[in-house]
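Data first, discussion second: the structure below is written as structure tokens.
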Amino acid sequence: MSENVVHLHKHTDTPAAVDTAPTVLTVVPDAPPARPVPLWVRSCRAVKTAVTHERTRSAGRAVVRHGLYTFNGGRIAARRAWDGRTGSRYERMIRAAEAAGNLEAAEEWEERLQRFRAARHHRRMDLLHSPVDAAKGVAVGAGMSVGVLVALGVIMAISTGQAGDVVTPLSATIDFIALLIRIVQVVWGPAVTIGPFLALLALWSVGRKQHAAPQWALPANVRSGEGEPITPSIVVKALRDLGVPALARAIKEMGDAGASMLGPITIAGCGVEVDVTLPSGVSTNEVQGKRRKLAENLTRHEHEVFITIPQAARTVRLWIADSGALDEPIGPSPLVTDETMTADYKKGKAPWGQDLRGDAAALSLYQRHLLITGLSNQGKTVALRSLALWLALDRSVEFLIGDLKGVGDWAMFDGLATTLIQGPTDEHVIQVTEMVEGAVDEMNRRIQAPPGTTFPALIVLVDEAQMAFMCPAKDEDKRPYGGSKANSRYFMAVRKIHNQGRAVNVLMWQGTQDPTNENLPKLVREGAHTRASLALGTESQARMALGDKAVDGGAAPNLLRPGLDRGTLVVASDGITIPAGQSSITVRTHYIDDDAATTITDRAKALRDGVTTLHAIDRTEERDPLADIAAVIGDAPRVRTKDVLARLATRNADAYGEWSFIDLKRVLDDAGAEPYKSDGVMVVSRDRVARALANRDSEGSASAD
């Protein structure tokens, strides 16, 4: 189609401003009109919009709600009337007492039932004689009333002197009765008409007070139920509406409406706790699998209800938090508030946080390997670091730390840890692997010591351990550093420490993300005595993190809310107090920021003589033993000989892993820096070693001259 061109000339009042060039306006033909939408399509869309509109849905909920208020109000009123006229209430209480094994209460309710039946029989017998008695009473009463009225008329007639006043009281009474009859005749018609509506209104009022409608139909303020206290009836109703047919039938058939299933509801921290004995035919996992629905039936969020399995058969233990209580932060760590706190590796427990009941949760670290897992940015490093900060206050404990994240989370341990490697590269993984292998050599040296020898704790800590397991690098012998095969260097070193390190206080602590078989091999995760997990994505990951036993017992880190439950751990360990019958405990850990952690490590450094931290493992072949001894002594005036040997082995396991006291003494004696005894133990003097190095260097210079 050709274009239509229209020439327009612009005119202005000023001649100089006249533009003589024509303006070309291109007129594009209109697009073909769209096909009209059929009427039935527009009607369907309108109906759909009307149905899904919030006002329509609100109106529908209101109709259902008020209709069920009236219907269920009638049921409630009928049930109350039936209970009042029969002994069903007493019979329910008798069955409940018998189910609970309380025979004394059952006998008392039986006696009350007998008294009720006797009184009811007496009332029924009275009804048989009541018509005759009522007729006699009416006749006698009517005769007496007439006599009184006639006597009153006689008195009036005598007083007024008018004989007609004798019947005046009687006629007045008759007129009054006629007036009452006329009033009843006037009111009766409207009363008959309005009466049913008033009865329905009364039933509606009963249903509204009892919220006798489904949750989805109730108003928002009633449906939320935040802050509603937990009562036995609420718990039973929540279980009845759980969607387990056998459970619902059993509750319906129970004479006490399910009350006998519940143990005492006790206050437990920021919530309540109750044991529920399930009826025959209902398994505990059926209730566990419906945690969200149970929480909603209890007017709580999913994370505010925890289901565990106690020792009693067919029993679930419900812990129900107060609404919003778990979103409130817990107090600061005692490590921050108590500047005089010290640690005891063997007998003490680390203050880690609070359990759900609000009680302090403390963890024993004595001879226990540790594994903490969780999704990224959930507080794993802070939880792991808080344990290390407490243990650092025991001056006898030595740390070898590998931080494969490398962003400074462990920087405050510089000058406290013997080795501190920080970084995410393959080279850092190689360094960390050799650090762990050095700890294996130290473990072997301790194992070969004379029986009865005691050793201080050596904590080998690797944060972001999944980086080590997934490292593709290989050494000169083609052995991989990562992986989970028998030739994997990091994997085998960790396994060796898990197998034998506990006996000589060489312990492996690891923190890792997102546990899978690839980044956390099965043999490694099962070698940890203490296993803790933050929020995870799936139940399979929860089983890898904590084990099948803990998850089958109710542990569910996969149900924690990522981001919102940061710092909340599910712990499976014999080093922490766990309620009887449970396999795990949920702990809300204290948050210790970097500044507070630095303050704590400064206190820990003040307890020690001074530690020279190695930031890399020296792999050179030629060693200078005297210079290495000076390096491991650091700024301390003197160091025990066994600590010097341990630090030398950590510095280079190949060169010093097999050293004994005799080897150390030989080098020091040759240099003129002989070890000596101080306070009953053999020590090496920093000044003697430094003087020997200076003399050696000066002699070397003189020889060169």
Side-chain angles (χ1 to χ4, degrees), residues 88-110 228-300 302 304-322 355-357 548-556 559 570 577-586:
S88 59
R89 179 183 304 167
Y90 300 94
E91 293 172 355
R92 286 200 305 270
M93 300 307 297
I94 291 171
R95 287 194 294 269
E98 290 175 347
N102 192 346
L103 299 181
E104 294 181 359
E107 292 176 357
E108 181 180 353
W109 283 108
E110 176 70 23
E228 185 178 6
I230 299 300
T231 62
S233 61
I234 289 177
V235 176
V236 172
K237 186 175 183 297
L239 293 169
R240 185 195 66 194
D241 299 338
L242 201 55
V244 181
L247 180 58
R249 286 195 304 269
I251 293 175
K252 184 177 181 180
E253 293 172 358
M254 290 181 183
D256 59 350
S260 60
M261 296 194 307
L262 305 184
I265 297 179
T266 58
I267 296 176
C270 57
V272 297
E273 189 175 69
V274 58
D275 283 356
V276 180
T277 302
L278 301 176
S280 178
V282 181
S283 62
T284 55
N285 60 357
E286 289 182 281
V287 177
Q288 278 185 301
K290 293 182 176 291
R291 177 185 173 189
R292 171 175 293 183
K293 189 170 185 178
L294 177 61
E296 292 173 349
N297 290 348
L298 293 167
T299 64
R300 295 295 190 271
E302 183 179 11
E304 293 175 332
V305 174
F306 288 82
I307 305 173
T308 54
I309 309 299
Q311 290 180 339
R314 285 201 341 266
T315 302
V316 293
R317 179 168 295 162
L318 307 180
W319 185 85
I320 307 162
D322 299 334
D355 61 16
L356 295 177
R357 294 162 180 78
D548 292 337
K549 179 181 178 181
V551 174
D552 292 338
L559 297 181
V570 181
T577 302
I578 297 178
Q582 296 181 199
S583 57
S584 64
I585 186 172
T586 301

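Remember, predicted model here, so these are calculated numbers, not experimental data.
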Please step through side-chain contact (heavy atoms from CB on, under 4.5 Å) for the pair I309 and Q288, ending with a clear verdict.
-> CA-CA 9 Å; I309 309 299; Q288 278 185 301; 3.8 Å; yes
Using a 4.5 Å cut-off on heavy atoms from C-beta on, say whether the side chain of T577 contacts that of D355.
-> no
Minimum heavy-atom distance between G281 and A246, given as atom pair plus value | O-CB, 4.0 Å
Distance-minimising heavy-atom pair for N297 and D241 | ND2-O, 3.3 Å
Stepwise side-chain contact (heavy atoms from CB on, under 4.5 Å) test for L239 and M261 = CA-CA 10 Å; L239 293 169; M261 296 194 307; 3.9 Å; yes
Least distance between heavy atoms, A238 atom then L298 atom = CB-CD2, 3.6 Å
If you round to the nearest 0.5 Å, how far is OG1 of T299 from CD1 of I230?
-> 5.5 Å
CZ on F306 to OG1 on T586, rounded to 0.5 Å = 4.5 Å
Is V274 close to P264 at the side-chain level, that is, under 4.5 Å between some pair of heavy atoms?
-> no
Here the gap from I320 atom CD1 to R300 atom CZ, rounded to the nearest 0.5 Å, amounts to 7.0 Å
Residue list, salt bridge (charged side-chain N to carboxylate O under 4.0 Å, His left out) with R249, at least two apart or on another chain = none
Determine, step by step, whether V235 and L262 satisfy the side-chain contact (heavy atoms from CB on, under 4.5 Å) criterion, reporting the C-alpha distance in whole Å, the side-chain angles of both residues, the deciding distance to 0.1 Å, and the verdict.
-> CA-CA 8 Å; V235 176; L262 305 184; 3.8 Å; yes
Would you please test N285 and D552 for side-chain contact (heavy atoms from CB on, under 4.5 Å) and show each step?
-> CA-CA 8 Å; N285 60 357; D552 292 338; over 6 Å; no
Value for CZ (R314) from OG (S283), rounded to nearest 0.5 Å, stands at 11.0 Å
Side-chain touch T266/V272, heavy atoms, less than 4.5 angstrom = no
Could you tell me which non-hydrogen atom of V244 sits nearest to which non-hydrogen atom of E286, and how far apart they are?
-> CG1-OE2, 3.8 Å
Results of salt bridge (charged side-chain N to carboxylate O under 4.0 Å, His left out) for E304 - residues two or more places apart only | none
Find out whether V276 and R317 are in side-chain contact, i.e. whether some heavy atom of one side chain is under 4.5 Å from a heavy atom of the other.
-> no
Just how far is it from atom CZ of R240 to atom NZ of K237, taken to the nearest 0.5 Å?
-> 5.5 Å
Without swapping roles, check the side chain of W319 against the backbone of I307 for a donor-acceptor pair under 3.5 Å.
-> no
On a heavy-atom basis, the closest approach of P279 and L247 is CD-CD1, 3.6 Å
Atom of P310, atom of T315 and distance for their closest heavy-atom approach | CD-O, 3.4 Å
